Amino acid sequence: MMEDYGYERWVEYIASVFKRLGVHPTSMVDIACGTGNMTIPLVKSGYEMIGIDSSEDMLYVAKEKAFSMGLSIPFIHQDIRNLSLHRPVDAIICMCDGFNYILSDQDLLSVFSKIYALLNDKGILLFDISSYYKLRNILGNNLMADASEDISLIWFNTFDDKDDICRMDLTFFVKKESAYKRFDETHYQRAYRLNDIKNFLLEVGFTKIEVFSPFTFESPKVKDNRWVFIAQKL
Ligand SMILES: C[S@@+](CC[C@H](N)C(=O)[O-])C[C@H]1O[C@@H](n2cnc3c(N)ncnc32)[C@H](O)[C@@H]1O
């Protein structure tokens with residue numbers, strides 16, 4: 001499902017963000033790291049990484065992938081709403097919707113505040129989220145399907161305008177020998193307004209905040225699928 005996200009492109013983009021800001025982070029934490037699709041290429045690029053996620057299943061896959069590549073990466077089971085680290089770090093990233101899974105303003109503000117406290121001076125918080133437009137107008141109240149030989153997916157979404165939450169009911173059929181096994185999952189993603197996120201970042205202490213269209217240093221647009229936020233602790 002994540003094939004189109006462009007992880008290698010993100011690795012290059014993250015390096016270009018650091019260069020632009022004149023920082024050289026060594027220690028970095030990938031929060032809501034999933035199966036390590038971003039953590040692992042960043043380790044290969046020379047960063048000292050920790051991966052954090054609340055799903056043991058995702059972390060199991062991340063650990064297996066790292067092990068099979070001969071990489072030793074600490075993957076920690078933690079809910080980022082209770083984020084804690086042994087020592088401050090130079091950068092924290094949260095890629096591909098991690099913060100859309102934080103459903104309330106209060107929780108997001110609290111996560112940002114914890115992140116701010118855990119960053120070294122000049123430390124960077126970099127994340128991308130699905131835009132309000134994408135969750136409300138493209139995914140929301142829509143039915144999608146995708147079929148290939150090994151896996152088929154039916155994806156039914158409803159958007160609640162009262163709380164700006166997109167509920168995604170996913171049904172997978174995964175090929176197992178001569179039959180298909182069915183799996184069901186429900187995801188909830190919160191659609192945030194760009195300015196609300198900016199204000200939360202300001203509220204917890206970040207003074208330098210930039211927002212871009214993905215893979216660019218151009219101003220974000222309302223109809224972008226994603227927005228990239230870069231906040232620095234100065
Ligand atoms: C769409 S995946 C993105 C994974 C990864 N960042 C990537 O780019 O491949 C979202 C991830 O957020 C994790 N997640 C959701 N809520 C979380 C929370 N409160 N604390 C930690 N991880 C969370 C999920 O378990 C899932 O692995």
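Ligands are counted one by one from 1 in listed order, and the atoms in each one are counted from 1 as well. Given the structure is predicted, the values throughout are model-derived calculations rather than measurements.
- Remark: ligand 1 and Asn37 share no N or O pair separated by less than 3.5 Å (distance only, no angle test).
- Residues meeting the side chain to side chain contact (heavy atoms under 4.5 Å, CB included) test with Tyr188, sequence neighbours left out: Leu103, Ile165, Arg167, Thr186.
- An N or O contact shorter than 3.5 Å links Ile80 to ligand 1 by distance.
- Atoms of ligand 1 lying under 4.0 Å from any heavy atom of Met58, numbered from 1 in the order shown and given with element: 27 (O).
- Among the atoms of Tyr7, some N or O lies under 3.5 angstrom from an N or O of ligand 1.
- Contact check for Leu109 versus Asp105: no side-chain heavy atoms found under the 4.5 Å cut-off.
- Between Trp10 and Phe215, the ring planes are tilted. Angles from 30° to 60° get that label.
- Of all atoms in ligand 1, numbered sequentially from 1 with element shown, those under 4.0 Å from a heavy atom of Gly34 are 4 (C), 5 (C), 27 (O).
- The side chain to side chain contact (heavy atoms under 4.5 Å, CB included) check on Ala91 picks up Phe18, Pro25, Met28, Ile124, with sequence neighbours excluded.
- The atoms of ligand 1 that sit less than 4.0 Å from any heavy atom of Gln78 are 20 (N), 21 (C).
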Applying side-chain contact (heavy atoms from CB on, under 4.5 Å) to Asp184 and Asp169, what does each step give before you reach the verdict? CA-CA 7 Å; Asp184 294 290; Asp169 289 300; over 6 Å; no

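- At least one test fails for Arg190 against the ring of Tyr101: distance under 6.0 Å to the centre or angle within 45° of the axis.
- Because its NZ or CZ atom is not both nearer than 6.0 Å to the ring centre of Tyr7 and within 45° of the ring axis, Arg9 does not count as a cation-pi partner of that residue.
- Nearest-heavy-atom check against atom 12 (O) of ligand 1 across Gly36, Gly51, Ala32 picks out Ala32.
- Under the 3.5 Å distance criterion, the side-chain polar atoms of Gln78 are matched with a main-chain donor or acceptor of Ser84.
- Between Phe67 and Phe75, a ring centre-to-centre spacing not shorter than 6.0 Å is recorded.
- For a threshold of 3.5 Å applied to N or O pairs, the pair formed by Asp79 and ligand 1 contains at least one separation below that value.
- Against a heavy-atom cut-off of under 4.0 Å, Ser55 is close to the following atoms of ligand 1: 25 (O).
- Geometrically, ligand 1 and Asp97 share no nitrogen or oxygen pair separated by less than 3.5 Å.
- Only the backbone of Cys33 comes within contact range of ligand 1, with a heavy atom under 4.0 Å; no side-chain atom does.
- Considering backbone and side-chain N/O of Ile52, none are found under 3.5 Å from N/O of ligand 1.
- When each atom of ligand 1 is checked for a heavy atom of Cys96 under 4.0 Å away, the hits are 1 (C), 3 (C), 8 (O).
- For Met95, a nitrogen or oxygen atom sits less than 3.5 Å from a nitrogen or oxygen atom of ligand 1, counting backbone and side chain alike.
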